[in-house]
Number of protein chains: 2
Amino acid sequence: MPDKQNHLPNLQDIATAAGVSTATVSRVLNSPADVRPALREKVEVQIRKLGYVRHGAARALASARSHTVGAVIPTLESAIFASGVNAVENRLTEAGYTLLLAVTNYDLQHEYEQVKALIERGVDGMILVGRDHDPATLIMLERQGCPYVTTWTYTADAPHPCVGFDNADAAHRITAHLLALGHTRIGVIAGITSGNDRARERIAGVKAALKSQQLNLHRKCLIEKPYEVSEGRDAFRTLMALPNDIRPTALFCGNDVLAVGAVLEAQHMGLKVPQNISIVGFDDLPLSAHMSPGLTTVHVPSRRMGEHAADYILACIGGESPDPRNKLPTDIMIRGTTARPSKT
Amino acid sequence: MPDKQNHLPNLQDIATAAGVSTATVSRVLNSPADVRPALREKVEVQIRKLGYVRHGAARALASARSHTVGAVIPTLESAIFASGVNAVENRLTEAGYTLLLAVTNYDLQHEYEQVKALIERGVDGMILVGRDHDPATLIMLERQGCPYVTTWTYTADAPHPCVGFDNADAAHRITAHLLALGHTRIGVIAGITSGNDRARERIAGVKAALKSQQLNLHRKCLIEKPYEVSEGRDAFRTLMALPNDIRPTALFCGNDVLAVGAVLEAQHMGLKVPQNISIVGFDDLPLSAHMSPGLTTVHVPSRRMGEHAADYILACIGGESPDPRNKLPTDIMIRGTTARPSKT
DNA sequence: CTTATTCTTGTAAGCGCTTACATCCTGAAT
DNA sequence: ATTCAGGATGTAAGCGCTTACAAGAATAAG
């Protein structure tokens with residue numbers, strides 16, 4: 001039994017117990033190959049016997065490396081970030097790193113605080129979402145020499161390392177699908193664009209698609225809402241209350257949560273989807289494929305994005321200089337919520 | 001400008017720049033009230049000017065306090081944990097603490113690894129989900145003197161600090177609702193019970209309710225599935241394929257995700273909910289209230305649970321000995337997916 | 001104008017670990 | 001045998017910070 005006076009065993013204790021120096025214990029912990037098997041075994045026995053657990057702070061202080069990577073995401077509520085984070089986590093764990101997760105609730109100021117807290121905790125790298133940030137956030141990261149990468153967005157001229165996809169292009173393509181079906185009055189229930197470049201880009205994509213057909217997005221047909229089912233429902237009702245000549249026959253929703261809300265409200269109002277109204281989403285949540293009808297949406301490579309982001313950071317930590325720009329493809333998933341407009 | 005040779009400013013640099021000792025700088029950082037305003041101001045100016053960021057590892061090492069609390073949850077996918085985690089996070093942030101989040105994917109062995117990683121990172125406290133753990137996990141926590149609390153479950157005889165609710169009782173009550181409507185053949189789509197006491201308790205609650213009416217849960221009417229929409233759909237189909245005399249007229253689902261799957265599959269099969277089949281869930285996800293029909297389910301106080309858990313840990317860290325047992329109430333939300341059985 | 005008391009600030013000893021560097025072995029080559 | 005290379009250990013100097021404790025300054029009391 002270890003010394004009972006609630007003194008946690010430290011390297012020195014193990015060293016003494018095993019009759020070696022602290023350096024040797026440190027080696028069996030960090031580069032076992034450098035220690036002769038016999039000795040190593042003796043040390044490992046003591047480690048187990050005394051229930052030794054590394055003191056991460058001391059290790060970080062002495063080695064200037066915390067073996068920790070931070071990720072700052074907008075919200076935990078969305079399963080879409082969940083799968084990306086899971087992917088990051090798996091990769092990091094494989095490499096002996098721990099993920100520290102923080103949430104901003106789509107608030108850039110809060111993001112700054114979280115990033116600062118993570119830097120104070122000594123993360124060796126950082127994963128961010130999107131291109132919109134408080135400039136101070138990135139400055140701090142640079143100044144601290146903390147490698148970072150932004151995700152969920154890719155633009156050719158991105159000023160910072162990024163792994164993501166082209167939000168505008170994806171929105172453009174799914175809108176083109178709507179246009180090809182013959183819709184001309186398209187409504188948009190977007191996410192809140194302030195501090196959210198993805199939401200803005202998606203709107204831009206819709207507008208571009210419309211423009212290519214000489215169409216316009218009517219001012220009243222664009223609504224910004226937080227990403228919640230109830231908000232999607234509200235927005236849908238608002239849109240359907242518009243006068244006949246501008247009321248949309250098809251809807252682009254900023255993400256699947258809003259789209260699900262819109263579909264549910266439509267059904268609640270007795271409208272048939274897609275016969276009376278077509279609705280598309282963005283993100284392809286696990287639920288989306290299961291709804292009746294299945295939601296037509298943009299599939300986003302969140303898992304792969306997470307893996308790439310983790311690999312990029314790990315490579316940077318390892319002293320490499322990986323390609324700082326990484327564009328992933330998106331897929332348009334045509335399911336049951338889109339059809340030709342009714343001939344009313 | 002700070003010394004350009006990418007030497008991050010440290011306490012000593014600030015001290016020198018401000019013409020004071022490191023102790024004083026440390027004080028303006030940790031207990032500003034102890035420093036004369038004039039001096040404090042001078043130090044703060046330098047901190048801003050040099051872009052100083054605390055070195056958390058050094059601080060943790062010197063003070064034996066990391067200002068960090070760990071939370072280990074089964075999954076990120078479920079919005080229900082998300083809201084609890086958010087609550088924890090808010091409370092901790094208010095208190096100057098940072099939350100370190102880890103995920104187990106419902107694997108107790110993985111949970112052990114995560115807890116160990118967090119302890120190595122020096123968390124000052126830990127929040128766990130449920131009562132099922134690898135004994136080694138709790139032993140490590142005790143041995144390290146790391147205060148912890150389990151959530152999402154409460155039993156009068158809980159051997160460890162816990163803040164949660166009575167899963168069996170809640171399941172019992174919502175089953176009673178089904179029985180009161182006149183159902184006698186009740187099916188259960190449970191979560192995977194291995195390593196998940198909540199799933200087991202919920203089944204136990206259903207059985208107890210049945211027993212109180214001299215009814216039994218038919219062996220074939222109990223299916224365990226991972227918490228996924230598609231699994232709920234599969235299980236539902238299996239249950240409906242049962243022979244007439246045992247096919248359930250009402251379903252208890254281990255959580256809302258499974259219930260949503262069941263409802264969607266029912267509608268997909270052309271069955272009317274609740275006319276042809278009643279379905280209840282557990283957890284009351286944000287989506288559940290919005291479905292058509294609204295899902296009858298158990299509302300769980302996840303937000304309050306998170307707050308209580310955080311407060312408990314913070315109190316422990318502060319040297320207090322708060323009540324280690326905390327029972328929260330659940331609510332049965334009767335919505336649209338339950339009705340009397342049809343007279344077939 | 002002392003002397004006791006209270007505030008401020010500085011001094012310096014670690015916290016537990018990693019890691020150059022020094023030292024000591026081992027065994028192969030001479 | 002003797003020498004030497006190379007591998008296996010040990011030694012000890014910090015990493016950046018907190019915090020007793022000491023010391024000095026300012027205030028209150030006598």
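Values below: every heavy atom of this structure, side chains too, minus hydrogens, waters and symmetry copies. Letters A, B, ... are given to chains in the order of the sequence lines, protein chains preceding strands, and every chain is numbered from 1.
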Could you tell me if the side chain of [Y] sits less than 4.5 Å from the side chain of [X], heavy atoms only?
X: B:Trp152; Y: B:Ile80; answer: yes
X: B:Leu100; Y: B:Arg121; answer: yes
X: A:Ile119; Y: A:Met126; answer: yes
X: B:Leu128; Y: B:Glu111; answer: yes
X: B:Thr75; Y: B:Phe81; answer: yes
X: B:Tyr112; Y: B:Val72; answer: no

Between [X] and [Y], do the side chains contain an N or O donor and an N or O acceptor separated by less than 3.5 Å?
X: A:Ser83; Y: A:Ser302; value: yes
X: A:Tyr148; Y: A:Glu142; value: yes
X: A:Glu89; Y: B:Gln114; value: yes
X: B:Arg59; Y: B:Asn30; value: yes

- Message: Taking any heavy-atom pair under 4.0 Å as a contact, classify B:Ala64: base, sugar-phosphate, or nothing.
- Response: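 B:Ala64: no heavy atom of the nucleic acid under 4.0 Å.
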- Task: Residues of residues 37-44 of chain B with any non-hydrogen atom less than 4.0 angstrom from an atom of DNA chain C: list those, numerically ordered, please.
- Result: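 Within this stretch, B:Leu39 sit under 4.0 Å of the strand.
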- Item | Nucleotide range of DNA chain D lying under 4.0 Å from chain A heavy atoms |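 Terminal contacting nucleotides, 5' to 3': D:dA8 to D:dG16.
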- Query: Of all of residues 27-34 of chain B, which get a heavy atom below 4.0 angstrom from DNA chain D, listed by number?
  - Reply: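 Under 4.0 Å from DNA chain D: B:Arg27, B:Asn30.
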- Which sits closer to the 5' end of DNA chain D, A:Ser63 or B:Thr24, going by the nucleotide each is nearest to?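 The residue whose closest nucleotide sits nearer the 5' end is A:Ser63.
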